[in-house]
Amino acid sequence: MAYAYLFKYIIIGDTGVGKSCLLLQFTDKRFQPVHDLTIGVEFGARMITIDGKQIKLQIWDTAGQEAFRSITRSYYRGAAGALLVYDITRRETFNHLTTWLEDARQHSNSNMVIMLIGNKSDLESRREVKKEEGEAFAREHGLVFMETSAKTAANVEEAFINTAKEIYEKIQEGVFDINNEANGIKIGPQHSTAGAGGAGGAGAGGAPPGGCC
Amino acid sequence: MFRSRSWFGGGWGRPKNPHSLERLKYLHNILCKNTTVSESNRGILVESLRCIAEILIWGDQNDSSVFDFFLEKNMLSYFLRIMRQKCGGSSYVCVQLLQTLNILFENIRNETSLYYLLSNNHVNSIIVHKFDVSDEEVMAYYISFLKTLSLKLNNHTIHFFYNEHTKDFPLYTEAIKFFNHPETMVRIAVRTLTLNVYRVQDASMLRFIRDRTAAPYFSNLVWFIGKHILELNACVRNDADHQSQQKLDDLVAEHLDHLHYINDILCLNIPDLNDVLTEHLLHKLLIPLYIYSLTSESNKRPVTSSPYNRDHLQSIEVITRNLEAILTGKTTDTPSRINYPLQRIESDDETKPSVSCVVSLFLLSQVFLIITHGPIVHALAWIILQADLSVFEDGVSKILDMYVSNAKSSVKLEFSKPQLSLEKALENTSCPDRDYTTPEYSGAKAFGYDTDQSSCDLDPELVSTSLPSTSHISESSSIAHDSTEDLVTQIQQVKADSSMTLSKANMPDSPLPDSGIESSSSKVSERNNITDEEKQKLLGKKPGTNTERAAIVEKVLEKETKNIETRPFLKTIFDSLDCSENDYKALFALCLLYALINNKGVNPELLDTLLYSELDDGAKPNTLSSKVNASEDETGSTTSQERSSNDGNDKSESFNALLISKLMAIAVLSCKPASKVRLVTCELSVRLLRTCMQGSKGAVSSRHISSVDNLRTRSAALARNFYKCDDIFLDMFEDEYCEMSKRPINVEWLCMDAAILLPPTRTPMSGIAFEKRLPSGEMERARRAIRTFFLIRELYLKLTGKPETQLPLANPAPFVQVADILDLNDSDLISCDIIQKDGTWQHRFLAVDNIQVILVEPDKQRLGWGVAKLVGSLQDLEIQGDKDDPRCLHLTIHKPRVGASAALPRTMLLRAKFKFDDHIRSMAAKQRLTKGRTKSRQKKMQQIGRLLEVSGVAAPAPAARHRPLFARPALSSVRKHSGIDGDDMERRIRRPSGHVLKDGIVVYRERTTSRESSISRTSSAHTSREGSPRARSEDIPLEDIRRNPGIAAAVPSTSSIGRVQQTIPSTSQHPNLKSTSSEETSFISKEPRPKRKGIVETI
Ligand SMILES: Nc1nc2c(ncn2[C@@H]2O[C@H](COP(=O)(O)OP(=O)(O)OP(=O)(O)O)[C@@H](O)[C@H]2O)c(=O)[nH]1
Ligand SMILES: [Mg+2]
């Protein structure tokens, strides 16, 4: 349970681009390619290691709240990282990126790391948005870019972890004010509370709890 | 594939297929065998719970028997049993349980399955389970679970969560206990949930929300907003040095979040809820804290003499108190309504919390920018604009009566801690004899603001965050409800009645403000030094001379200045507009006025206070011109007969003239070299000036126009101070224009910026944008002057309705465009290789026009003609020699500024090394380009000079025109077909067929049909050649080089290097260098190109 840092992420993008699936794929790897199952969640947490440090990622999906302006704006502010997702098989989801980005830039703190994700890369045959277009958009707006598939898990780990790495670097550079929890970063408890929670594993959201039976 | 396969080992007879009914049965078996959670079976339980979620979702989509089995075995009860165990309650297991539930509820598509899941109340039991919310992870999963459920709410599912009979709504009541949780994400989830609940619009449920929870929830909400604000205030007060900007940012953002949240609730338009919320906001926060703070500072200042400040010592404080009394009303049992306020005045003195005037203006601006709910903003606007001394002193009883009879005001006007913590209050939701819409606030301890105590600390009494939940949503307590059901209904009945009247009173056009206006203004006008009749006279007279006119304005101003003393809040705002020391407060006062005027919820008539001009009212008859003389010096006492004609206009006192004079003062100050007015303040006051001068009628009087014209002259004079033939001035000028057009002020964004809350600073190192601080250094002072000039010029043009014709600085049209075909016969061309950074290179010819540098490629179809490959602006050209190779120049070429794009920042087209045939050509090119650049810049500087009325630049230079175009057959130039769209094509065709560039370059647009082009080809070639007198209006020949023998001598003549083989420059061929204009620098490249008659000059 003890972590050096906790980073809060949000996932944004049009409906149906696969936000919830990406979230679950990352935190739980449940999205099985063999069975055509659609499972997603709107919250998840998982522990990762960067630079030998335990870092907990908390990911909050923002879906379904777009109707309320107050909600979106506060979500942005509370996050250290954002995954901006579009669906490579639906061009309109790509076209809406500018609006999402404007919103994010306007409401988030200026240090928030934004990662652009073109999801559903497994559906190559139905592709409507070229990879180069995603790259160009990312370059133009200073984002990191990656194509992922929540279905095959391709690049999903990388997307979340690279974002974390960038946040981590920013912390090292002293850009992020880590003492301000409103930025979406929390410093872990100084002493690892050994007894707390008993199992010491990463909980359901984390890596699979070690050993049983 | 399934990652966790290994966990179950082999032998337990586990079905192979992870997605099957058998597998679920197997998992059920595991649950049955492990009813007691222990260290040893925890792992397997967690994994089983994970699998169950997956199988259920699979079943939901593929096999209904799976779900049937789950329901049949009542498997949710296992979940409950597990989490209720001590060990099972460990975060490890709980988190998995919650996640399984999350997955379940989020992914189930089959409605029937969902209903079954919800039907047996297990979910409610899970909701009220006392999870260990001190565990961060449990808390996060728990609140996500609640939020997920709230997203499933609709008119059907609501009944699974809200029990109409027992008046139980655990999903909502449990969630709102965390409304002030320290974790942002948790707070956001709670807000989301509440909004999701409200929007279901189930009447019974909403009634429950209003009667049982609204008062405690909203009073706590409002209380915490207030605490935040006090913290913000402390932060501003203690931070003159901009040390805690980050914290301030957060506090400001937090306040905005709150306002947006409240606005989101109000926008759902649920009357019952809005009434309660409005009441709490107004009475517990906006009036007692925000509005009250508007007075507290002027209170400390010595009050200026005014007939209405007889007892000014008590004035402002008393006013607020009385206002409070008026708006408060009181509980119905209080015997004497009118005495009530007096008692209140005595009671709590020093304890009243308040914030600084700056903070209060800032916060009120935000309120008016965000909230549009009529009853709130209208009431606030009314208080700010109309609340009037006379009302406080004499008119109380009348207003009070009216207000009290309408309002159910159960809430005392005071920023005080809710007496009941939300937790406690909610606990009591199950006791129907208590009524939370009328809590006994009267005895509430006033909140004493203690500087030492960090007010952001959560008040343990009030918030439940870390406390285990104490609400008892159990069967036993709900039984208790039933016995008193009747009483509840009765109470609700009463309430429904009273709330109906309240909602009427809250309408934007409620009787309250209007009657207030009437009673107050009639009183004021009677006391006025200038009587209505006299005003009438003043207005009626035809202004014969300027001085007479000025005298009238003077009088009206004088009157308004006196009258404003009776409007304590408006006076504070007006006083804040004074920028003689600095514009710290003024900026916020401007924001507030702007926000107030532009708020849709404010009744437009109320705005007459600011926008209605008594002076320029066209409706006034000018019948009284004869009385002009009489009124001159007896302003104080005139009484006259023409009363009747005037009565109709006496609806409200206007302060339009006073406001305009204050705004003008800011603008005038902005035009002073050492002014302390920031650009943002200037821009905003200019914006407001426009609104106020246009007034409620939209017509601008000539008086205003002439004063703004005057202002424009001042601003031009200010900018003129910096007008130098300094290279940078032109760039600054154009850059500022483009900045201004790109980013007109956005007040909403401005008010999100916490940085402006700190005293104005000068240094750019503060990280504050240029507009929001004072200029630092000469450069920035110049920029500020230029920008001020633009702002005021724009105001002038807008008021007069004139179009802008001189900005952005225009370039003489027409232009050469890329792909144009140019007749380059007999033109100065310099051959060069363009070497890009990446090593690629192209061969081009360099030509120079008045304002452009053009790179051409020979036209393969016609000798002597070339195709423009790149066209850049001479003005922005950057030229640099190469240290190592004298044949080379480094050029940075930007896009020409044409038409609309002239207001955009310049874009770079090319940055590359240009290699010429030899150092002489290189030098020639450099000279030519440098001169061209200088000339094109000089032209623009002349334009600026005319704009700024710099003496000596007054006359528009006719020379800017090109030499007359000689007649050419219209079709002569048509060339290649290119895919130009229709519009563009037409435009091009209509243009004159060609124009002459410097040095005889003739431009022909591409035509679009090949037929045309074939015609043209035959006819054009010679006409253009023969008919062209050399057009050399602004040429920059190479005389300079020649004239300067020093340079010439210094340059070694290494002529025929490399590709330059065919032409060897020879001086001898120049008979009359100066008189003829036939010199060319047409260096010829390797390409076989017939040498033209051109004389290549040597240096
Ligand atoms: N082929 C394929 N399908 C995917 C992938 N990711 C998601 N999907 C499918 O896309 C659909 C939408 O996925 P969700 O995760 O619910 O989308 P969302 O962005 O959360 O949508 P909202 O919650 O409505 O905003 C589901 O049917 C998924 O099965 C992917 O990588 N590949
Ligand atoms: Mg989703």
Side-chain angles (χ1 to χ4, degrees), chain A residues 1 6 8 10 20 24 27-30 32-45 56 58 60-65 67-71 73-75 77-79 106-107 109 177 179-184 186 196-201 203-206 208-213, chain B residues 1-4 7-9 18-19 39 41-44 46-47 49-50 53-54 57-58 61 87 90-92 95-96 98-100 102-103 106-107 135-137 140-141 144 147-148 151 182-185 187-188 191-192 195 199 246-247 249-250 253-254 256-257 259-264 749:
Chain A
M1 283 285 153
L6 182 148
K8 291 180 206 167
I10 52 170
S20 307
L24 192 65
T27 58
D28 252 336
K29 306 199 161 134
R30 258 173 215 267
Q32 296 299 313
V34 270
H35 319 285
D36 196 22
L37 249 197
T38 300
I39 307 187
V41 275
E42 297 194 341
F43 174 78
K56 184 168 214 167
Q58 242 188 25
W60 300 78
D61 190 343
T62 58
Q65 284 117 65
F68 301 116
R69 191 170 166 193
S70 60
I71 303 304
R73 54 160 279 130
S74 20
Y75 262 119
R77 272 202 315 115
Q106 190 190 338
H107 296 303
N109 77 68
D177 178 8
N179 294 313
N180 184 350
E181 282 182 21
N183 280 340
K186 230 170 124 171
C212 72
C213 309
Chain B
M1 270 297 138
F2 193 52
R3 249 162 38 112
S4 50
W7 290 40
F8 293 90
H19 298 146
E39 289 284 341
N41 67 4
R42 211 154 43 185
I44 192 172
V46 165
E47 189 49 31
L49 291 170
R50 284 164 65 118
E54 188 166 348
I57 301 308
W58 173 81
Q61 291 162 22
C87 187
S90 77
S91 69
Y92 181 44
V95 159
Q96 181 55 61
L98 286 166
Q99 201 208 19
T100 295
N102 269 341
I103 291 177
E106 200 170 314
N107 293 281
D135 183 306
E136 182 177 79
E137 185 122 334
Y141 275 99
S144 299
K147 194 191 80 182
T148 298
L151 286 165
E183 283 284 340
T184 335
M185 291 299 185
R187 290 200 301 272
I188 300 168
R191 289 184 211 153
T192 313
L195 289 164
R199 75 169 155 188
Q246 175 78 52
K247 185 172 177 212
D249 278 347
D250 291 335
E254 192 77 20
L256 286 166
D257 277 357
L259 290 181
H260 278 294
Y261 174 53
I262 284 167
N263 192 50
D264 277 344
W749 288 17

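Since we're looking at a predicted model, the values are computed, not measured. Chain naming here is simple, since letters A, B, ... match the order of the sequence lines and numbering starts at 1 in each.
Listed here is the closest heavy atom pair of B/Asp257 and A/Ser74: OD2-CB, 3.1 Å. Across every non-hydrogen atom of A/Phe43 and B/Ala140, the tightest pair is CZ-CB, 3.3 Å.
Note that CG of B/Asn107 is 6.0 Å distant from CD1 of A/Ile39, once rounded to the nearest 0.5 Å. Put simply, NE2 on B/His260 and NE2 on A/His107 are 7.0 Å apart, with the number rounded to the nearest 0.5 Å. Distance check: B/Gln99 CD to A/Thr27 OG1 gives 6.0 Å after rounding to the nearest 0.5 Å. Interatomic distance, CZ of A/Phe68 versus CZ of B/Arg199, reported as 4.0 Å (0.5 Å rounding). Atoms CD1 and CZ, from B/Ile188 and A/Arg77 in turn, are 7.5 Å apart once rounded to the nearest 0.5 Å. Within the model, atoms CD of B/Glu106 and CD of A/Glu42 stand 4.0 Å from one another, a figure rounded to the nearest 0.5 Å.
Considering only heavy atoms from C-beta on, B/Ile103 comes within 4.5 Å of A/Leu24 through its side chain. When side chains are defined from C-beta on, B/Glu137 does not count as touching A/Gln58, because their heavy atoms never get closer than 4.5 Å.
Contacts with chain A were tallied for B/Arg191, B/Arg187, B/Met185, B/Glu136; B/Met185 has the most, counting heavy-atom pairs under 4.5 Å. Among A/Asp61, A/Asn183, A/Val41, the residue with the largest count of heavy-atom pairs under 4.5 Å with chain B is A/Val41. When each of B/Ile262, B/Leu259, B/Leu256, B/Asn263 is scored by its heavy-atom pairs under 4.5 Å with chain A, the top score falls to B/Leu256.
In this structure B/Lys247 satisfies the side chain to side chain donor-acceptor pair (under 3.5 Å) test with no other residue, sequence neighbours excluded. For A/Ser70, the side chain to side chain donor-acceptor pair (under 3.5 Å) criterion is met by B/Asp264, not counting sequence neighbours.
Both the backbone and the side chain of A/Arg69 come within contact range of chain B, each with at least one heavy atom under 4.5 Å from a heavy atom of that chain.
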